Amino acid sequence: MRLRKRHKDLPDEPAQVARITPAIAYDGDLYHLPDWRHRRAEERELGRGHAAEGQIDTLTLETGSVPRFHELEDERLAELARVEECAERETQQARAEFEAQKIRLAESQRTFSDLRKALDESQRHVAELEQPSRRPGDGRPSSIAVSGNRWPAIRRWLPGALLLLLLLIVEVPILYQVILNWGDSVAMTALLATGAALIMLVAPHMYGRAFRAWQENGSPARGRWLLAAVALVWLGLIVAVAVLRRDALVKPLVVDGQEIGPTSQGVGELPTMVLLLALLIATALIAADLGRRMHNPNDRRLRELRAKRDHDAAACARAQAAYQHDAGYAESIGQHLQGADRRRAGRVRQLDNGFHSLATAYLGGVVEGLKDPEAASWAERIIARR
């Protein structure tokens, strides 16, 4: 019979949680039986000593009177009184422990229930989000984030990264030629060109990421106006860079009093300006679109939800183990309470049998000490009467 049937004041637990036997079951035994083997050896030795000293002889055995039996009977009655006292104390302590355990069990059940609800909520959110995105703004993560496989991510984003790198490699020498007369040295000019190339590519890339975040999460009107203002500012910078490149193409550069750099003959400034603007705007759009495609804020949200789900699952498992342990411990206390009468009756039987074995051992020692066959016969009759 389960504890819930025996003790109706225990809180009901979820059906899916089974009790487990605790590592340490309740042990409220206050009384421990004597060491009968050691006591029998002592009684046998005592019987030999009494026979050797003449305190008991064959004639005494013939009368059926053994003074040591009265002492053993008094000791047995004292032990029985101890059994009754300890049984009462054990029952009181077990009931108090049971009441305290019910409180601990209710607390662990509540903790487990709360963590279980949190885990179910996390699992629901993850299940809702684990659908690959079909279009920007649908609130779904990328298929790469859903699968968790890194090779598709490398295969998908590597061409874009290589394209960005190629654009950077192309932009550096072009900008180096444009700002050739700005640096005091070749190294300074190269650093300026590299920095400008990074800005020309990284800035549109980051703008594309911000634009994708706006597509997914939305933003107030102020945020949309900010994105539009940034795009206009960037267009102005592109025009400025196009003007510098046009001048580098159609006008000679003067460095240290000498004209260097390519000069274009017969090419108008307007066609050159249009071509340069087209190239710069196309480069910026490529970088921005790559940033928009590569950045999906829902991927990070999915990772965070999965991490929260795993954390909730671990906490729920610990709470379930604690709850099962408390339930099993309460079960063991209930079993201890139910077995009180049976345990007391068993102790009484063991005491009777034990003291009977002590009396038998004493008589055996007496017979060994007297070394009289007739004494052995009378001892057998005394044992039979007992």
Side-chain angles (χ1 to χ4, degrees), residues 1 3 6-7 21-98 328-329 331-386:
M1 185 180 297
L3 180 62
R6 295 196 302 263
H7 304 283
T21 303
I24 301 177
Y26 178 76
D27 182 12
D29 291 346
L30 300 178
Y31 178 82
H32 300 284
L33 291 167
D35 184 358
W36 298 118
R37 179 179 297 179
H38 180 69
R39 287 294 310 276
R40 283 194 293 269
E42 290 181 345
E43 289 299 323
R44 184 174 295 274
E45 187 63 29
L46 183 63
R48 292 195 194 98
H50 286 178
E53 294 171 0
Q55 297 184 23
I56 187 171
D57 53 15
T58 303
L59 182 61
T60 304
L61 295 177
E62 185 177 352
T63 61
S65 174
V66 182
R68 177 58 183 167
F69 284 1
H70 300 291
E71 298 175 0
L72 290 176
E73 180 63 17
D74 293 340
E75 188 177 348
R76 187 183 71 87
L77 294 176
E79 287 294 323
L80 286 176
R82 282 189 58 210
V83 167
E84 294 293 337
E85 178 187 359
C86 290
E88 183 65 24
R89 288 170 54 197
E90 287 173 2
T91 301
Q92 294 177 357
Q93 291 184 7
R95 286 174 180 169
E97 180 66 17
F98 184 71
Y329 191 61
E331 181 85 14
S332 67
I333 299 175
Q335 292 174 355
H336 186 86
L337 282 171
Q338 277 203 333
D341 294 337
R342 184 174 63 254
R343 190 166 49 254
R344 174 185 170 279
R347 288 172 178 173
V348 171
R349 288 194 302 270
Q350 289 177 340
L351 279 176
D352 290 340
N353 294 333
F355 277 98
H356 179 73
S357 67
L358 294 183
T360 303
Y362 177 79
L363 282 179
V366 169
V367 171
E368 291 176 0
L370 293 177
K371 299 179 181 179
D372 184 358
E374 188 177 354
S377 175
W378 286 112
E380 290 179 358
R381 295 177 184 180
I382 293 174
I383 293 174
R385 287 199 303 270
R386 287 181 61 85

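Because the structure is predicted, anything quoted here is derived from the model rather than measured. These values consider heavy atoms only, across backbone and side chains, with no hydrogens, waters or symmetry-generated copies.
To the nearest 0.5 angstrom, Arg95 atom CZ is 13.5 Å from Ile333 atom CD1. Rounding to the nearest 0.5 Å places OG1 of Thr360 at 10.5 Å from CD1 of Ile382. Within the model, atoms CZ of Phe98 and CD of Glu331 stand 9.0 Å from one another, a figure rounded to the nearest 0.5 Å. Between Glu43 atom CD and His38 atom NE2 the span is 10.5 Å, to the nearest 0.5 Å. How far CG of Leu351 is from CD of Glu75: 10.0 Å, rounded to the nearest 0.5 Å. Rounding to the nearest 0.5 angstrom, the gap separating the CD atom in Glu90 from the CD atom in Glu85 is 10.5 Å.
Aromatic rings of His50 and Tyr362 (six-membered ring for Trp) have centroids within the 6.0 Å cut-off, being under it.
Geometrically, Arg381 engages Trp378 in a cation-pi contact defined by less than 6.0 Å to the ring centre and at most 45° from the axis.
Counting only residues at least two apart or on different chains, the salt bridge (charged side-chain N to carboxylate O under 4.0 Å, His left out) pairs with a member in residues 360-370 are Arg44-Glu368, Arg48-Glu368.
Considering every non-hydrogen atom in both Ala94 and Leu337, the closest pair reads CB-CD2, 3.5 Å. The two residues Ile56 and Leu370 have their closest heavy-atom pair at O-CD2, 3.7 Å.
Using a 4.5 Å cut-off on side-chain heavy atoms (C-beta onward), Leu358 and Arg68 make no contact. With contacts defined as side-chain heavy-atom distances shorter than 4.5 Å, the pair Phe355/Trp36 qualifies.
Checked for salt-bridge contact, Glu73 and Arg76 meet the test: a charged N lies under 4.0 Å from a carboxylate O. Taking the charged nitrogens against the carboxylate oxygens, Arg347 and Glu79 have no contact shorter than 4.0 Å, which rules out a salt bridge.
Within the 3.5 Å criterion, the main-chain N or O of His336 finds a donor-acceptor partner in the side chain of Arg343.
Listed by chain and number, the residues in a side chain to side chain donor-acceptor pair (under 3.5 Å) with Asp35 amount to none (sequence neighbours excluded). The side chain to side chain donor-acceptor pair (under 3.5 Å) check on Thr58 picks up Asp372, with sequence neighbours excluded.
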